[in-house]
Amino acid sequence: MSELVVQGQRFPCRGILLDKDGTLLDFIQLWGPWARSILDMLEQHLAVAGTDFTVEKGSILGTIHDPEGRVIGYDPSGPLAMGTVDESTGVLAWQLYTAGVPWNEAVRLVRDFNKTAMADVRRHRAAKVFPGLRTLLEQSRRAGLKLAVVTSDSTEAAQEHLEWMGLTSYFDEVIGHDRVTYGKPDPEMAEKACDLLGLSPADVVVIGDSNGDMQMGKRAGVRLAIGFAPEPERSGHLLDADIIVRGYEELEVRETWTK
């Protein structure tokens, strides 16, 4: 058995489930350019049709833009942060549908926009790991903890991003939305991860940056739900977190004894 030390408190555990975007990697670095690209393409298409968004541009996916249009922030409870690919597609396609585009055509256009935006993401590979994460993963490896990624992204995309960051070898399982029937905050993703790891949820800790992560963990019955909030002033959405940390320097894995 090992223990996770969080802000001086000790929690025995055998595994950790980590969200990906906003938890393993800097969300805006990776998804900010994607959001700007796809929203710009959508806006241009609507302009050609002589119309515009039905709501403020930033309200569509939950993004915050600077005067030049760059995405500099996001709503951690919004579609960009919490939605699956299919859910985001639906949100974006609705803007085209309300402008008179048939639904099937609207979905096709958004998927085409997404392919273009994702090509830019893959070209730049702007997946920046949070400071201190590698230390925690190394400590977990030495202590024999089992690790899994639980993400609203697809499994394939998550594996790709882990490879970019050189983190693939640390994780025993990667669970994307396509491997479950119900996504966060439903407990299915955490339950599936625990089952595949051969662990009881009561011996597992969840770390994530959204309240959906916290609700998923609590509903699955995990040992501890840790909210990850590098900007503490923006942690108010983590209502169901047991503990909120600003960074990985507040976490330490220790091996207590080996069975």
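All residue numbers in this chain count up from 1 along the given sequence. Keep in mind that this is a model prediction, so the values were computed, not measured.
- A donor-acceptor pair under 3.5 Å is formed between the side chain of Thr98 and the backbone N or O of Gln95.
- Looking only at atom types and distance, the side chain of Glu105 has no donor-acceptor partner in the side chain of Tyr97 under 3.5 Å away.
- Partners of Glu68 according to the salt bridge (charged side-chain N to carboxylate O under 4.0 Å, His left out) rule, which considers only residues two or more places apart in sequence or in another chain, are Arg70.
- For the pair Leu4/Ile226, a side-chain contact is recorded, criterion being any heavy-atom separation below 4.5 Å from C-beta on.
- Separation of atoms CG (Asp209) and CE (Met214) is listed at 8.0 Å; rounding is to 0.5 Å.
- A continuous path of ILVMFWY side-chain contacts below 4.5 Å connects Phe53 to Val91, so both sit in one hydrophobic cluster.
- Residues Leu238 and Ala229 approach most closely at CD1-CB, 4.1 Å, considering heavy atoms.
- Smallest separation of non-hydrogen atoms from Asp19 and Gly208: CB-CA, 3.9 Å.
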task = Begin with the C-alpha distance, continue with both residues' side-chain angles, and end with the deciding distance and a verdict on side-chain contact (heavy atoms from CB on, under 4.5 Å) for Phe228 and Leu18.
result = CA-CA 10 Å; Phe228 186 76; Leu18 296 105; over 6 Å; no
message = Between Glu255 and Arg142, does the side-chain contact (heavy atoms from CB on, under 4.5 Å) criterion hold? Intermediate values first, please.
response = CA-CA 8 Å; Glu255 185 175 6; Arg142 289 196 296 269; 5.9 Å; no
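- Between Met165 and Val129, the closest heavy-atom pair is SD-CG2, 3.5 Å.
- Under the side chain to side chain contact (heavy atoms under 4.5 Å, CB included) rule, Asp153 has a single partner from Val85, Val174, Asp178, which is Val85.
- The line from OG of Ser88 to CD1 of Ile60 is 11.5 Å long, rounded to the nearest 0.5 Å.
- Taking the side chain as every heavy atom from C-beta outward, Glu87 and Pro79 never approach each other to under 4.5 Å.
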query = Leu251 and Ile207: side-chain contact (heavy atoms from CB on, under 4.5 Å), yes or no, with the steps?
reply = CA-CA 11 Å; Leu251 306 175; Ile207 303 176; 3.9 Å; yes
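- Glu3 contributes no side-chain N or O that, together with a main-chain N or O of Arg10, makes up a donor-acceptor pair within less than 3.5 Å.
- Two residues are said to be in side-chain contact when any heavy atoms from C-beta on lie closer than 4.5 Å; Leu196 and Arg179 meet this criterion.
- At least one donor-acceptor pair under 3.5 Å links the side chain of Asp213 to the backbone N or O of Ser210.
- Contact record, His45 with Phe113: CB-CZ, 4.1 Å, taken as the closest heavy-atom pair.
- A salt bridge links Asp242 and Lys218; the closest N-O separation between the charged side-chain nitrogens and carboxylate oxygens is under 4.0 Å.
- Counting non-hydrogen atoms of other residues, nucleotides and ligands closer than 6.0 Å to NZ of Lys128 gives a total of 12 or fewer.
- Taking the six-membered ring where tryptophan is involved, the planes of Phe130 and Tyr248 are tilted, since the angle between them lies from 30° to 60°.
- Hydrophobic clustering of Ile, Leu, Val, Met, Phe, Trp and Tyr side chains at less than 4.5 Å, counting indirect connections, unites Leu167 with Val121.
- With hydrogens and angles left out, the side-chain atoms of Thr89 and Asp86 include no donor and acceptor closer than 3.5 Å.
- Between His161 and Leu24 the shortest side-chain heavy-atom distance does not fall below 4.5 Å.
- Ile38 places a side-chain heavy atom less than 4.5 Å from the side chain of Asn114.
- Here Arg141 contributes atom CZ and Leu147 contributes atom CG; the two are 9.0 Å apart, rounded to the nearest 0.5 Å.
- Between the CG atom in Leu17 and the SG atom in Cys194 there is a gap of 5.0 Å [rounded to 0.5 Å].
- Remark: side-chain polar atoms of Gln29 are not paired, donor with acceptor, to backbone N or O of Leu25 under 3.5 angstrom.
- No continuous path of ILVMFWY side-chain contacts below 4.5 Å connects Val150 to Leu224, so the two sit in separate hydrophobic clusters.
- When side chains are defined from C-beta on, Lys184 does not count as touching Met82, because their heavy atoms never get closer than 4.5 Å.
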key: Evaluation steps, side-chain contact (heavy atoms from CB on, under 4.5 Å), between Leu42 and Leu96   = CA-CA 8 Å; Leu42 188 61; Leu96 293 171; 3.4 Å; yes
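- Side-chain N or O atoms of Ser2 include one that pairs as donor or acceptor with a backbone N or O of Ala143 at under 3.5 Å.
- Ile64 and Leu80 sit in two unconnected hydrophobic clusters of ILVMFWY residues. Membership requires side-chain heavy atoms under 4.5 Å apart, directly or through other members.
- Relative ring orientation between Trp34 and Trp31 is described as perpendicular, the plane-to-plane angle rising above 60° on a 0-90° scale split at 30° and 60°.
- Counting only distance, with no hydrogens or angles, the side chain of Lys20 and the backbone of Ala158 share no donor-acceptor pair below 3.5 Å.
- If you take CD on Glu160 and OG1 on Thr168, they are separated by 10.5 Å, rounding to the nearest 0.5 Å.
- Val206 and Met216 make their closest contact through CG1-CE, 4.2 Å (heavy atoms, listed as atom of the first residue, atom of the second, distance).
- Within the structure, ring-ring contact (aromatic ring centres under 6.0 Å, His included) pairs that include any residue of residues 59-84 comprise Phe27-Tyr74 (at least two apart or interchain).
- Nearest approach of Thr155 to Gly176, heavy atoms of both residues: OG1-N, 3.0 Å.
- Both Val245 and Leu136 are part of a single hydrophobic cluster, where members link through side-chain heavy atoms under 4.5 Å apart.
- Identified under the salt bridge (charged side-chain N to carboxylate O under 4.0 Å, His left out) test for residues 188-207, with sequence neighbours left out: Arg14-Asp203.
- With a 6.0 Å radius and a threshold of 12 heavy atoms from other residues, nucleotides or ligands, Trp164 has its CH2 atom above the threshold.
- Leu133 is not listed as a side-chain neighbour of Tyr170, based on a closest heavy-atom distance of 4.5 Å or more.
- Note that CG of Leu145 is 9.0 Å distant from CG of Leu199, once rounded to the nearest 0.5 Å.
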